[in-house]
2 protein chains.
Amino acid sequence: MAHLTNCIAMMDEGIGRVSQIIPQLPAPEARLCRLMLMVGASLEEELEFKLKPHKLNHSEFLTLMILYSRPDGSSTPGELCEFATQGATNMTRIANALVKRGLITRGASEEDRRRVLIRITPAGKRFVQKMLPPMFPRVATMFAGFSDNDKHNLSRLLRKLAHNLDQLNSDAQP
Amino acid sequence: MAHLTNCIAMMDEGIGRVSQIIPQLPAPEARLCRLMLMVGASLEEELEFKLKPHKLNHSEFLTLMILYSRPDGSSTPGELCEFATQGATNMTRIANALVKRGLITRGASEEDRRRVLIRITPAGKRFVQKMLPPMFPRVATMFAGFSDNDKHNLSRLLRKLAHNLDQLNSDAQP
DNA sequence: AATTCATATTTCACTGATGAAATAAAAGAT
DNA sequence: ATCTTTTATTTCATCAGTGAAATATGAATT
């Protein structure tokens, strides 16, 4: 039963008590942080759960989806590293796995022959088109009871939060 | 520079193109999912980063904070497992680590002697009171530009999402 | 009192991810 | 032509987390 709801209730009480001991605590913001962390982790779990039957992990799925979403179905390891937030070593591994399953191909770029061109195969496209639709119902259920306004607002606020996080991280490495 | 913002822009275009190929895709919901995942992961990173200097990982910190936030400063492994979303094996390890550092103690419960009573020590309380305040500025910065209304809305929407996720997971194991 | 259940720990093994440094190949700069 | 930089891969070593099953102890049930 209601695991997240439980944890959230407990967190609410906890932060309430802590902010009595430490009044400088920015309690509403701390609550939002914890909420984001809990819900984010739960969502991550849910995703990995849906991917397991297809023998994909999050990074592999993300990489494949990036390629699928490209007009020409292709990219380079470097670019994929950035968007999938992975180190180069890992991207090599991910590509290895996807190549082995025939979902992508690796080839040398024409213009710059240091670069490797990664391209989704027809089989890769079919694979995505087959695995994606069964996820839709659960995704829709997650946002059951959200009005269009709610969705718009959540989107706006998450983007604002993302922007602030980028600021934080750019100040860190000058 | 703006890593998250970059990834988000790319995700927006990507989902736009995918939903042209697969019209049944619930695009706004899929965008919200990806946003949650990206921002959640970034927040997680930020937290681990702040914890590193104190040689704590997320679970250890969370466990310590739960104890700190209790009126009597105590709990049991079983309860901590639930709220920290950890297996029993792991909780034993976490407790070991915190005991070794003198932040908590382990003792047998009076009422039920199968149970172990875990209690934060005065040193543990001092530790928390010392490590917490330096985090406040960064937490506040994350929500810079959020009106009270924004915060209230974000909180409300995250809780609603959490509730829906709980539903999803309870339907799964009947 | 014997059996079953609940709680926590220990042992063991494994998986998964990670990443630094060395290597290779090609482009760009001097 | 040589040196430097960019890009990707390989090698190697680890680390972190995880978790199932066996063990130990005490409570609850019969």
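No hydrogens, no waters, no symmetry mates; every other heavy atom, side chains included, goes into these values. Every chain is numbered from 1, with letters handed out A, B, ... down the list of sequences.
- Between A:D112 and A:R114, at least one side-chain nitrogen of the basic residue sits less than 4.0 Å from a carboxylate oxygen of the acidic one, meeting the salt-bridge criterion.
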Is there a side chain to side chain contact (heavy atoms under 4.5 Å, CB included) between B:H58 and B:L47? Walk through the geometry before answering.
CA-CA 8 Å; B:H58 191 167; B:L47 176 59; 3.6 Å; yes
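- The closest side-chain heavy-atom distance from A:I118 to A:E79 is not below 4.5 Å.
- Neither side chain, A:N149 nor A:S147, offers a donor N or O lying under 3.5 Å from an acceptor on the other.
- Atom CD of A:E45 is separated from atom C1' of D:dG17 by 14 Å (rounded to the nearest Å).
- At whole-Å resolution of the value, CZ in B:R113 and P in D:dA24 are 18 Å apart.
- At least one donor-acceptor pair under 3.5 Å links the side chain of B:H3 to the backbone N or O of A:E82.
- If you check the side chains of A:R93 and A:T89, you find no donor sitting under 3.5 Å from an acceptor.
- Rounded to an integer number of Å, the gap from A:L80 CG to D:dT7 P is 14 Å.
- Residue A:T76 is in sugar-phosphate contact alone, with no base atom involved, counting any heavy-atom pair closer than 4.0 Å across all strands shown.
- For the pair A:L117 CG and D:dT7 P, the interatomic distance rounds to 14 Å; values are reported in whole Å.
- Taking 4.0 Å as the cutoff to heavy atoms of chain B, we find the contact window on DNA chain C bounded by C:dA6 to C:dT11.
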Could you run down the sub-3.5 Å N/O contacts of the protein with nucleotides 2-5 of chain D?
none

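- Here the side chain of B:K151 pairs no donor or acceptor atom with the backbone of A:P28 at under 3.5 angstrom.
- Comparing A:D112 and A:H58 by the nucleotide of DNA chain C whose heavy atom lies nearest to each, the residue mapping closer to the 5' end is A:H58.
- Checked for salt-bridge contact, A:K50 and A:E46 meet the test: a charged N lies under 4.0 Å from a carboxylate O.
- Contacts between residues 84-110 of chain B and DNA chain C, defined by a heavy-atom separation under 4.0 Å, are made by B:A88, B:T89, B:T92, B:R106.
- A 4.5 Å side-chain heavy-atom check between B:M142 and A:L32 finds every atom pair outside the cut-off.
- For the pair B:S42 (side chain) and B:M38 (backbone), a donor-acceptor distance under 3.5 Å is absent.
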Go through it in stages, so that I can follow the logic: the residues are B:N153 and B:R156, the test is side-chain hydrogen bond (donor to acceptor under 3.5 Å, both in side chains), and I'd like the CA-CA distance, side-chain angles, deciding distance and then a yes or no.
CA-CA 5 Å; B:N153 260 316; B:R156 182 177 62 78; 2.9 Å; yes
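- Atom CZ in B:F61 sits about 19 Å away from atom C1' in D:dA16, given to the nearest Å.
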